[in-house]
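Below is one structure; the comments refer to it alone.
Every chain is numbered from 1, with letters handed out A, B, ... down the list of sequences.
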2 protein chains.
Amino acid sequence: MIKVAIAEDHQSLIDGIDLLLKYEEDITLVGTANDGKALLELIQEKKPDVILMDIKMPKIDGITATKSITAQHPNMGVIAFSMFDQEDAIQQMIAAGAKGYLLKNSPLEEVLTAIKAVHKGDTFFDKAIDPSYIAVQDNISSGKSLLSKSEREILTLIGQGKTTSEIAAIRFTAVSTVEKHRKNMIRKLGLSGKGELLRYALEKKYDF
Amino acid sequence: MIKVAIAEDHQSLIDGIDLLLKYEEDITLVGTANDGKALLELIQEKKPDVILMDIKMPKIDGITATKSITAQHPNMGVIAFSMFDQEDAIQQMIAAGAKGYLLKNSPLEEVLTAIKAVHKGDTFFDKAIDPSYIAVQDNISSGKSLLSKSEREILTLIGQGKTTSEIAAIRFTAVSTVEKHRKNMIRKLGLSGKGELLRYALEKKYDF
DNA sequence: GTATCCATACCCATTACAGGGTATTTGTGT
DNA sequence: ACACAAATACCCTGTAATGGGTATGGATAC
């Protein structure tokens, strides 16, 4: 019996998947969450074998949640279930530890196939995904990014509307340190002008 | 027997709805489309009674498709089925002739209720929608919105990264006039703090 | 006529952010 | 060891955005 959890902000889609799973004798849906935070709480209790994970969700996004889950529960299989078919999205989910990636544009039945494959220890990728996006897994583990860890963290906080002094308080640094990080990011990203960093933070969050 | 068509770019959601409708003896799904254009072709042939209409779709969006359908087939009931819960989206779909509006965040079962209600000649609106968005139907024809025409235009330019002085030059007004518009928007939208207007402009960019 | 909103334009003040740097220490790779 | 990036912290400057107002004229509704 495969225990499955679903994280997806659109309840209607969860309900559809629920209908699909209802007649699968070897799969049981043990819980659902409409945001990343609720999911993390749910899995502590329900201990699912496989998790169907949306990317774009309130509170904690799917990539972040996947990282957390695969770190704490390496035996739980995470399958991304997303509208995003871009390379960056796919690579980030794989880097986060996802064992599968399904597109919402594909038939719902694929979900069953993916769940069974991932539970068996295999990986499963939607046929509509360009295989080259998956093949570059070797580069993913190096996790290289244009921005440093601190820069990415600050960018996230900027996207949340925090002022530089608020960010400094959150990170226990001087305001000038945060400003320097901002300048570094602006330089690296080739931006210029007031508000461009905020624009970048907001437009790139889900712009894979 | 209610003939239903679905326009939705996410096939997985269509499949979920299909599963739901399968056991409804008085409803039959006569066709599905993954974009607005395919839908318009489909309905010429299949003549559905009720159409479940996504808003954000490739080729022809749901609002445009709804306008076209209600103009040519005033007896077909269109139900919006969308992630967008904002007043503007709702009012635009209603103005386009939709007889119902469902949110994807809501349980899938609502679809059944809405189809039956609209087929009966009633309207049906998701309980999660603020009633004031629906109640102001009389104002819809005038296209009333929280923000004035000038304000919306300026907000768009803000979202494009234009500075206040750039916007002033574009609109042939003083900088102070644009600033005043900004203040009015901030007040109306209940925002506060630097960058919040830009955040609002960007976060609503895909929404309405 | 009054009230309200929109549009235009101005006054003042504060500050957050960008732009230009400087410096030191630590960490990492070769 | 050297080179480079990251992290931390500071200096200075300029200005765009917000926050608090003022005022006038036009349009609309009652």
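As rounded to whole Å, 18 Å separates atom C1' of D:dT18 from atom OH of B:Y200. Rounding to whole angstrom units, NZ of residue A:K149 and C1' of D:dA7 are separated by 12 Å. Residue B:L198 contributes atom CG, which lies 13 Å from atom C1' of D:dT18 at whole-angstrom precision. In this structure, the CD atom of B:E151 is 11 Å from the P atom of C:dT8, given to the nearest Å. Summarising the geometry, the separation between CG on B:L191 and C1' on D:dA17 is reported as 13 Å, rounded to the nearest angstrom. When rounded to the nearest whole Å, the span between CE of B:M185 and P of D:dG19 equals 13 Å. Note: CG (A:N184) to C1' (D:dA5) measures 10 Å, nearest angstrom. As a whole-Å value, the separation of A:R152 CZ from D:dA5 P is 16 Å.
The backbone N or O of A:Y101 sits nowhere less than 3.5 Å from a side-chain atom of A:S82 that would complete a donor-acceptor pair.
Here the side chains of B:M93 and B:I55 are in contact, with some heavy-atom distance below 4.5 Å. Put simply, the side chain of A:T163 does not reach to within 4.5 Å of the side chain of B:K194, judged on heavy atoms.
Between D:dA6 and A:H181, no contact under 4.0 Å exists linking OP1 or OP2 to a side-chain N or O. For the OP1/OP2 pair of D:dA6 and a distance below 4.0 Å, the side-chain nitrogens and oxygens of A:S150 include no atom meeting the criterion. Taking only side-chain nitrogens and oxygens, A:T177 comes nearer than 4.0 Å to OP1 or OP2 of D:dA9.
Checking A:R171 against A:T177 by side-chain atom types alone, no donor-acceptor pair falls below 3.5 Å. Donor-acceptor pairing under 3.5 Å is recorded for the side chains of A:Q72 and A:S68.
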Practice prompt. Applying side-chain contact (heavy atoms from CB on, under 4.5 Å), run through A:M185 and A:L197 and close with a yes or a no.
Written response: CA-CA 8 Å; A:M185 283 191 273; A:L197 197 52; 4.1 Å; yes

Enumerate the protein-to-nucleotides 13-17 of chain C contacts in which both atoms are nitrogen or oxygen and the separation is below 3.5 Å.
unit_1	atom_1	unit_2	atom_2	d
C:dT15	O2	B:K194	NZ	2.8
C:dA16	O4'	B:K194	NZ	3.3
C:dC17	OP2	A:T164	N	2.9
C:dC17	OP2	A:T164	OG1	2.7
C:dC17	O2	A:K194	NZ	3.2

Between the protein and nucleotides 20-22 of chain C, which nitrogen or oxygen pairs come in under 3.5 angstrom?
unit_1	atom_1	unit_2	atom_2	d
C:dG20	O6	A:K183	NZ	2.3
C:dT22	O4	A:K180	NZ	3.3

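Shown for residues 166-174 of chain A: residues whose heavy atoms fall under 4.0 angstrom of DNA chain D, namely A:R171, A:T173, A:A174.
In this view, A:H10 and A:E8, A:S12, A:L13, B:M83, B:K104, B:N105 satisfy the side-chain contact (heavy atoms from CB on, under 4.5 Å) rule, not counting sequence neighbours. Under the salt bridge (Lys or Arg N to Asp or Glu O under 4.0 Å) criterion, B:K188 pairs with B:E151, not counting sequence neighbours. With sequence neighbours excluded, the residues satisfying side-chain contact (heavy atoms from CB on, under 4.5 Å) with B:E110 are B:L102, B:S106, B:P107, B:F124, B:K127.
Base engagement by A:S176 is indicated by at least one non-hydrogen atom pair under 4.0 Å involving a base atom.
Ionic pairing of B:K37 and B:E41 is present here: one or more N-O contacts between side-chain nitrogen and carboxylate oxygen are shorter than 4.0 angstrom. Electrostatic pairing of B:K120 and B:D122 counts as a salt bridge here, judged by a charged N lying under 4.0 Å from a carboxylate O.
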